[in-house]
Amino acid sequence: MNFDYNEEQQLLADSVRRYLQKDYDFEARKKILATPQGWSERVWANFAEMGLTGLPLSPDYGGFGGGAVDLMSVVEAFGEALVVEPYLPSMLAAAAIAKGGTQEQKQAILPAVAQGRMRLAFATGERGVIGAPLAQRIVLARDGRLTLHDKFNVAAYRTVDDLAAGDVAFQGKGEPLGAAGGVLEEVLDLGAALSCAEAVGALKFACDTTLEYLKTRKQFGVPIGAFQALQHRMVDMFISYEQARSMACLACSKVDQAGSAQDRARSVSAAKIRIADAARHVSQEAVQLHGGMGMTEELKVSHTFRRLTALARRFGDVDEHLERFASL
Amino acid sequence: MNFDYNEEQQLLADSVRRYLQKDYDFEARKKILATPQGWSERVWANFAEMGLTGLPLSPDYGGFGGGAVDLMSVVEAFGEALVVEPYLPSMLAAAAIAKGGTQEQKQAILPAVAQGRMRLAFATGERGVIGAPLAQRIVLARDGRLTLHDKFNVAAYRTVDDLAAGDVAFQGKGEPLGAAGGVLEEVLDLGAALSCAEAVGALKFACDTTLEYLKTRKQFGVPIGAFQALQHRMVDMFISYEQARSMACLACSKVDQAGSAQDRARSVSAAKIRIADAARHVSQEAVQLHGGMGMTEELKVSHTFRRLTALARRFGDVDEHLERFASL
Amino acid sequence: MDLNYSPEELAFRDEVRSWLAANLPQELKDKAHYSKEELMRWHRILAAKGWVAPAWPKDWGGTGWSAVQRYIYEEELGYAGTPPIIPFGINMCAPVLIAFGTDAQKKRFLPRIYNGEDFWCQGYSEPGSGSDLASLKTKAVKEGAHYVVNGQKIWTTLAHYADWIFCLVRTDPTVEKRQEGISFLLIDMKSLGITLRPLMLMDGAHHVNEVFFDDVKVPADNLVHKENQGWTVAKYLLGYERMNTGRIGESKRELRKLKERFPEKMKDVRWRDRLSRVEVELMALEITNLRFLDRMRRTGQPPGADVSMLKIKGTEIQQALTELAMQAADPNARETQALERRYLDMRKTTIYAGSNEIQRNIIAKMTLGL
Amino acid sequence: MDLNYSPEELAFRDEVRSWLAANLPQELKDKAHYSKEELMRWHRILAAKGWVAPAWPKDWGGTGWSAVQRYIYEEELGYAGTPPIIPFGINMCAPVLIAFGTDAQKKRFLPRIYNGEDFWCQGYSEPGSGSDLASLKTKAVKEGAHYVVNGQKIWTTLAHYADWIFCLVRTDPTVEKRQEGISFLLIDMKSLGITLRPLMLMDGAHHVNEVFFDDVKVPADNLVHKENQGWTVAKYLLGYERMNTGRIGESKRELRKLKERFPEKMKDVRWRDRLSRVEVELMALEITNLRFLDRMRRTGQPPGADVSMLKIKGTEIQQALTELAMQAADPNARETQALERRYLDMRKTTIYAGSNEIQRNIIAKMTLGL
């Protein structure tokens, strides 16, 4: 039993973090959002250079054969930095193709994805598909089946947390993926587990920045962190975050090596429940403890609030996962 | 619109409160509980002398024709003093007979109840009937019907909040009460509304005594009420109590003068929901803020904790009332 | 005890209700955001009816209603989905002028406020002084017949609509007790040296601003009350209209709209239970509010500090309702964004107008004696 | 990252589990209250196996297990429903003697603690000093070869079973820093001048006592560490065994029993959701606990102050489970009383052993730097 990333994971996480600190700080992110498309081709190219776009793919397609824990180290950092490039949907769609595609489909798509030349999106319906405006292919998970689409029209907009999304009109039925049962659930659980990891990064930032604010903001001649009521609330945020982190570790590691699909699903739903509750609790408290400043677009914490609000409901909201958890 | 008790109600409430302060303080109550039967004949006789046992009955039977608001002023004080004599069940049963009984039944029972010579209990089943060990008659509300019983055996015990209760073996079918529909619901709503009023008295004591403790208990050289985290929690208890009080007023006044049975039921369920939540919140916080002392039998607050715990579940727990509230 | 309105009160409610039904333009109903023109249009409709400032003395246009009538009126406005009455003029500046202003100030400003000719905003908070208002630093130095004002205000709601701003400024920086060097000034927003910077909130909307004062000349006539006694004015204003902060009418309307909009969610026990609990809390808050009004009637005393709970509970309910609306809607639907942004925007309610933490401090100290 | 136990750890767990299956007497299983005889019977079974004091140095009977093994062992005990190991001797007095005791003290007391010959209790809290332990007033005055002790302790768990009590006493009332005048004394409960008064808790049971000291003579040999340096001992003890305070095994067992006992409630979405959330919190707590153990292994450092969250969350979970049990049962059924009383009794867990408020203060100060 250990909770370390292995050496490769740690190197990867460190390099991602260094990159984000250098090239993706709050100001850089603001500039990306100010562009018409609202995401950066250059950043995507950098992801490819760092090997991120091939991370979950087999070396046969130019990837690194990474699992959920490998991806966790990346998307956790993305959550902290509030990356707006829709990396996760592209990786999920790629994982679906890798698990359920034909040899031709894989050859046609996965190397291009790994190299960053092609982007994918992952849809569970026609509405609000994250990443659709920049995707060349979309994997659609609907009615218990996965299909691959290359013909579609997208009416683009941005989600509340500033991701490029769109309503998609699919043309034709697409190519079926994954004759073998269980692929759909596997991919959805992977997505849910990674959304937990992303939330953990955002929770970490929300806690860190609120703690910093409590230490520096002065009122009545003392830092507001001297007020015990706020101290105790900060402690509860911190505990919420630690509990959420534990569940994200569980979910990702079960996706990689669960004894059974049921074991995996149960852990993932448990994680989604805990993390949705933490996202709500920590984001609301972070803004409240920041006072008016927390409400402004000028502070990153308000953007983290938006991301956490959205993440709490992606891949199933807390009620859906409570239902599934109890049924398993 | 007004929230005052009228003059008669105020006089009654004052005299009940004076009596309890004088003859029913925590020590006196302890002595009553130390007796084998666990309640006091003398106290019951005093209730009769003050007119309480006839309060909801018509003057035809020696009563005062009081409604739920009149009873509220009494049972609220009982809740504050943690009276253990099962007054409310006896009054409920009397109300059931008054509303649904034949002339003979009323004549045979109600004057005796008003004079304090007869005690009743009110049962919704055979188990845990409060007041059964001291009742000469029991009104049973079951399967949508009310029946009056004078033959039964009682296996007595005490509830968690020290009321005389018992498992009852009814002999025979009893006499039917209340051919007219709606009597059963009316009586149950009266009981639920009055249990809210009793809880409000107990909540008031829990808040008052905790506030007092915060002001007097010293740690680290200051009263613990100087600690802001505890201040804010005390404020939340106080707000909970005020909101609960508002709902008890609503429930009792709707029982007296609702536009419709549905309006009454909806208000009563709303009150039960709010008051069950307040009972849980305030009782738990009161003990926690008292620290170890709150856990001992020696402080009244621990008994108030038990009463509130029990009241939260009498006449339907919060989940049942959420269900009913939404259905109306 | 009688929780029903009297026949007179019911008649009054019906009067308000039917007047609103007849006079609230459909296109002004129930919008998330109102333009200045829309706000002023509604203001003038109410002014023409004589209902725009019920709490003012009758001489200046007040209605002479009882506290319960005012409560009913405000609840009906909220429940009807009218545009808000922006409080800075009607409910804040005007009461101050009525209590502390000179005759000239009253005559100059009150009618224009009443008729919606001047739009006011409030210059209290500064970057360094949020909850700790008395630490404010914006300076006003008397030079001849003028004050020269330098400094910065923040969170100035609708300053970009405003013709005038009332400000707390520091006129004596030397006093030991910080409260004693503060004055209350009325400043024309068209004055030279005033610049605005919009502060975009996280719902992406422009509600609030930073206001910068750079050698702004303000006629000394615009001082309200005495120099260095602005804190007295501020305290008066804080105490004034602490009642009816629960926004009960608005929340009732939100609740009704939620049930209408998401009938299928009413079959989802989880969501429905959360909604029921908010509805119960709102029922309780309404009665608590009425109990406080009843206490004022009985005792003849102004509201106590415990009415701060109306603000605490009222804002918690507002937030809960917008959160429930968001939870009820499809997270993937574009239209849900409006609900999400409303949820974001409502987070401010527990922060502004004295954060709920400050309200708890007030109850702890003033009501509970802690 | 690998959240599974290693094959060796799994084998160890199986060994513990099957030994417990074979050696835990059915009649000792899963009782709400245990008599002294029952407690000691189980203590001696573990002692005979060599497992009663895993954390002690091997020389004195420790097992040499890793932190993870100890966690597994404790979880298995909890999950099996064994009687508790009363901590005052094994986990409190003994570690103190091992760290601070003289050779004579170790030889005299440790084997008797190990074998369950002496039952210990803890004399820390006093009526005036709850969270503020350093304000304690019980006095010990040196007279020749004895200390003469006067004063009062409170909340003394199982003092009515105890042969010995370890006490913090004030040996120097003159020092400015209150912590510097405190000593750590071992006192024979059969000494003249000791009287007990039971403190009945609200579940109606006798767990705790007041202990009065009236000119109690204590041999000076029973001083542990130096005079006036008892605070050092107390701090060591507070830091010792802060891990594994989550009672995760016990709570897992409670949870399983709840599901088994109330299968029909598992169809009630309201109750089941509450239960699910507690189960999730417990899953998270277990992993958090293991993460802390892993950190200790990686860094070689003792646990940080953040492990206080194990106590906070663990006790909240214990309370929630007993509350759910009560809610699941018929409020009118006599048998429900056992569940109600257990709910009452569990309220103490967030108060004792450093209230959860104190734990939050610790995290705020030590971990967060507030």
Using non-hydrogen atoms and a 4.5 Å limit, figure out which bit of [X] sits close to chain D: side chain, backbone, both or neither.
X        : answer
B:Arg217 : side chain
B:Ala310 : neither
B:Thr309 : side chain
B:Glu323 : both
B:Phe305 : side chain

Of the non-hydrogen atoms in [X] and [Y], which two are nearest, and what is the gap between them?
X        : Y        : result
B:Glu298 : D:Leu199 : OE2-CD2, 3.4 Å
B:Glu297 : D:Met202 : CG-CA, 4.1 Å
D:Leu344 : B:Arg306 : CD1-CD, 3.5 Å
D:Asn356 : B:Gln288 : N-NE2, 4.4 Å

Okay, D:Ser129 and chain B: the region with an atom under 4.5 Å from a heavy atom over there is backbone
When the 4.5 angstrom heavy-atom criterion is applied to D:Tyr343 and chain B, the contacting part is side chain
Counting heavy-atom pairs under 4.5 Å with chain D, the top scorer among B:Val318, B:Ile130, B:Val129, B:Leu322 is B:Leu322
Most heavy-atom pairs under 4.5 Å with chain B, out of D:Glu357, D:Arg178, D:Gln319, D:Gln327, belong to D:Glu357
Answer key: most heavy-atom pairs under 4.5 Å with chain B among D:Gly204, D:Ser135, D:Gly130 is D:Gly130
May I have the list of side-chain donor-acceptor pairs in residues 223-231 of chain B shorter than 3.5 Å, sequence neighbours left out?
from	atom 1	to	atom 2	distance (Å)
B:Gln228	OE1	A:Ala229	N	3.1
B:Gln228	NE2	C:Asn361	OD1	3.2
B:Gln231	NE2	B:Gly225	O	2.9

Let me see the working for B:Asp319 and D:Arg274 under side-chain contact (heavy atoms from CB on, under 4.5 Å), right down to the final yes or no. CA-CA 12 Å; B:Asp319 290 348; D:Arg274 293 195 289 267; 2.8 Å; yes
- Message: Keeping D:Asp132 on the side-chain end and B:Phe220 on the backbone end, is there a donor-acceptor pair under 3.5 Å?
- Response: yes
Checklist entry - Does CZ belonging to B:Arg280 count more than 12 external heavy atoms closer than 6.0 Å? => result no
Determine whether D:Gln337 and B:Tyr157 satisfy the following criterion, side-chain contact (heavy atoms from CB on, under 4.5 Å), listing intermediate values before the conclusion.
CA-CA 10 Å; D:Gln337 294 233 338; B:Tyr157 68 98; 3.6 Å; yes
